Amino acid sequence: MSVDVYWRIAMEGDAPALRLGDITRGGFGPYLPGALGPGLRGGAPDGYGPLDYMGEVARATERSGFVGGLMPSFPETDDPWAAAAALAGETTAYRFMIAFQPGFLHPVQAARMSASLQAATGGRVVYNIISGGGGPQQLWWGDKVAHDDRYARTSEFLDVLKGVWDGPFDHDGRFYRVEGAALPPELRGQPFPEVFFSGSSPAAIAAAGRHADYYLSWLEPFDALAAKFALVRQHSDTPPKFAVRVDVLARETEEEAWEELRRGWARLGGEQRTPDASESVGWRRGREFTAGAGDDLRDLEVQPNVWGGFNRLRPGPLFGLVGDYHQVAERLDELIGLGVDAFILAGVPHLEEAQRVGRHVLPLLKGKIA
């Protein structure tokens, strides 16, 4: 068995440390003295933009042993399709996992874009299919489709996209209609991108069972993950592989790792992040696992080295791994033992933490790394 390990590229910008919080590199932040891309040097823009920082992270993670990078998609980020195309020449074998919501693209156009990128990069495109968490962010995209219907739309989208890939293809469905749709002859025959499919609701799991090469979940307590994986297998004629998105805070000693969190925790001063307004079942599941936790940060450690407070220090999922290099590697190996075939790791700042994890954690994994 081989395990693919991806790293997350912080397209929304990056803080200089998890304990500090404020974005000072990459992203679309203001031009500030001392910031990096965009920043001011001598009172003038430094000429180092968000794409420059993303390229630096991509090059560093490829050198550090990661097979590719997740390109997330938010209202406040560059478009991941365009960014992947721009960064492809910065790397050699690096895979670009493009996150996108199918409802905002027509499947025929998505097929043409994907095949073009596959041809240009030698087959280095990977899909991270997200159907959207609802709430204000979903409305930012102009999407008012109800939760379960979004997964039905995603499933039909992938049916059409795959049909066009091998076309000509006819389809008359609930969301899409095409007649004789096919790729240009010059783009046919490209490898179809691997599909990483996210979602924790019954509708998401049913759709993943039909389409996913990898069912992708946020990190949760390990017994809950095992139960979720079993549910996906029950809904799959051909069960997918499994992947987990994991934040990592690893240091030479366990005390150093927890001290980093304590300094961030002290910065909060008891302040809580605004409650999430999305319909995401994965988010609600995470909150349930930490319900009733006290004010001490260690109260959010739901099992050894699995901490559920990352969302209080940066936007995103709750759970990640905290500990020394050996402890973090041991927890990742435990997840491999549960059936995990791929990871998407992340850390703040994404550049230095990728180098640290690549140097000190990945070599310790007993599971075979691709």
Side-chain angles (χ1 to χ4, degrees), residues 2-12 14 26 51 53-74 77-102 104-105 110-111 113-132 154 157-158 161 190-199 204 208 211-219 240-248 282 316-317 340-347 350-351 353-354 357-358 362 369-370:
S2 63
V3 176
D4 288 340
V5 184
Y6 291 81
W7 188 257
R8 183 183 185 276
I9 296 178
M11 295 181 62
E12 73 281 13
D14 221 350
L51 195 64
Y53 183 67
M54 286 187 270
E56 196 167 348
V57 174
R59 292 189 298 272
T61 50
E62 184 172 44
R63 291 193 300 266
S64 298
F66 297 91
V67 301
L70 168 64
M71 312 286 288
S73 179
F74 302 109
T77 68
D78 280 301
D79 177 77
W81 293 92
L87 295 176
E90 301 285 327
T91 59
T92 54
Y94 198 74
R95 305 174 202 165
F96 292 92
M97 185 185 293
I98 298 172
F100 71 100
Q101 295 194 37
F104 312 142
L105 277 175
M113 290 167 57
S114 303
S116 297
L117 267 178
Q118 288 292 64
T121 64
R124 292 193 275 147
V125 176
V126 180
Y127 289 156
N128 175 22
I129 301 294
I130 49 178
S131 296
T154 292
F157 173 97
L158 288 170
L161 198 161
Q190 297 296 326
F192 191 82
E194 287 187 319
V195 175
F196 282 66
F197 197 107
S198 306
H211 295 287
D213 296 301
Y214 289 85
Y215 174 76
L216 174 62
S217 174
W218 286 348
L219 182 65
K241 298 178 182 180
F242 295 96
V244 180
R245 159 83 169 82
V246 186
D247 272 69
V248 171
V340 173
D341 299 290
F343 293 105
I344 303 171
L345 305 184
H350 285 69
L351 177 60
E353 291 302 312
V357 171
L362 297 189
I369 303 300

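No experiment lies behind these values; they were computed from the predicted model shown.
- The OH atom of Y6 sits 15.0 Å away from atom CZ of R245, with the distance rounded to the nearest 0.5 Å.
- Side-chain atoms of S198 and N128 include a donor-acceptor pair closer than 3.5 Å.
- With hydrogens and angles ignored, the 3.5 Å screen pairs no side-chain donor or acceptor of E90 with any backbone N or O of G55.
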**Q.** Step-by-step side-chain contact (heavy atoms from CB on, under 4.5 Å) determination, L117 to F96
**A.** CA-CA 10 Å; L117 267 178; F96 292 92; over 6 Å; no
(Q) Working note: Y53 + D14, criterion side-chain hydrogen bond (donor to acceptor under 3.5 Å, both in side chains); need CA distance, chi angles, decisive distance, verdict. (A) CA-CA 9 Å; Y53 183 67; D14 221 350; 2.7 Å; yes
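- Inspection of the T61 and Y94 side chains reveals an N or O donor paired with an N or O acceptor under 3.5 Å.
- Distance check, rounded to the nearest 0.5 Å: OG1 of T77 to CD1 of I9 gives 12.0 Å.
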Q | Check against ring-ring contact (aromatic ring centres under 6.0 Å, His included), Y215 and F197 | A | CA-CA 5 Å; Y215 174 76; F197 197 107; 7.7 Å; no
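- Looking at S114, its side chain never comes within 3.5 Å of a backbone N or O of A111 through a donor-acceptor pair.
- The backbone N or O of A208 lies less than 3.5 Å from no partner atom in the side chain of H211, so there is not a single donor-acceptor pair.
- Of the candidates R59, E62, R124, R63, T91 forms a side-chain hydrogen bond (donor to acceptor under 3.5 Å, both in side chains) with just one, namely R124.
- Side-chain contact between E194 and M97: absent, with no pair of heavy atoms (C-beta onward) separated by less than 4.5 Å.
- Heavy atoms only, all atoms of each residue included: A99 and S73 are closest at O-CB, 3.5 Å.
- Between I98 and P80 the shortest side-chain heavy-atom distance falls below 4.5 Å.
- Side-chain contact between F100 and I130 is absent, with no heavy atoms from C-beta onward closer than 4.5 Å.
- Looking only at distances, a side-chain donor or acceptor of Q118 sits under 3.5 Å from a matching main-chain atom of V125.
- Residues F192 and Y127 are in side-chain contact: their nearest non-hydrogen atoms beyond the backbone lie under 4.5 Å apart.
- Across all non-hydrogen atoms, the minimal contact from R8 to P72 is NH2-CG, 3.7 Å.
- Across all their heavy atoms, L161 and A110 have their closest contact at CD1-CB, 3.8 Å.
- Between the side chain of D341 and the backbone N or O of V3, no donor-acceptor pair lies under 3.5 Å.
- Closest heavy-atom contact between V244 and W218: CG1-C, 4.1 Å.
- In this structure, CH2 on W7 lies 11.5 Å from CG on L70, to the nearest 0.5 angstrom.
- Rounding to the nearest 0.5 Å places CE of M11 at 8.5 Å from CG of L51.
- Under 4.0 Å is where a charged nitrogen must lie from a carboxylate oxygen, and between D4 and R95 at least one such pair does.
- In this structure, CD1 on I344 lies 11.5 Å from CG on D247, to the nearest 0.5 angstrom.
- Below 30°, between 30° and 60°, or above 60°: for F196 and Y214 the angle between ring planes is below 30°, a parallel geometry.
- Here the CG-CE distance, from L351 to M54, works out to 13.5 Å after rounding to the nearest 0.5 Å.
- Between S131 and T154 the shortest side-chain heavy-atom distance falls below 4.5 Å.
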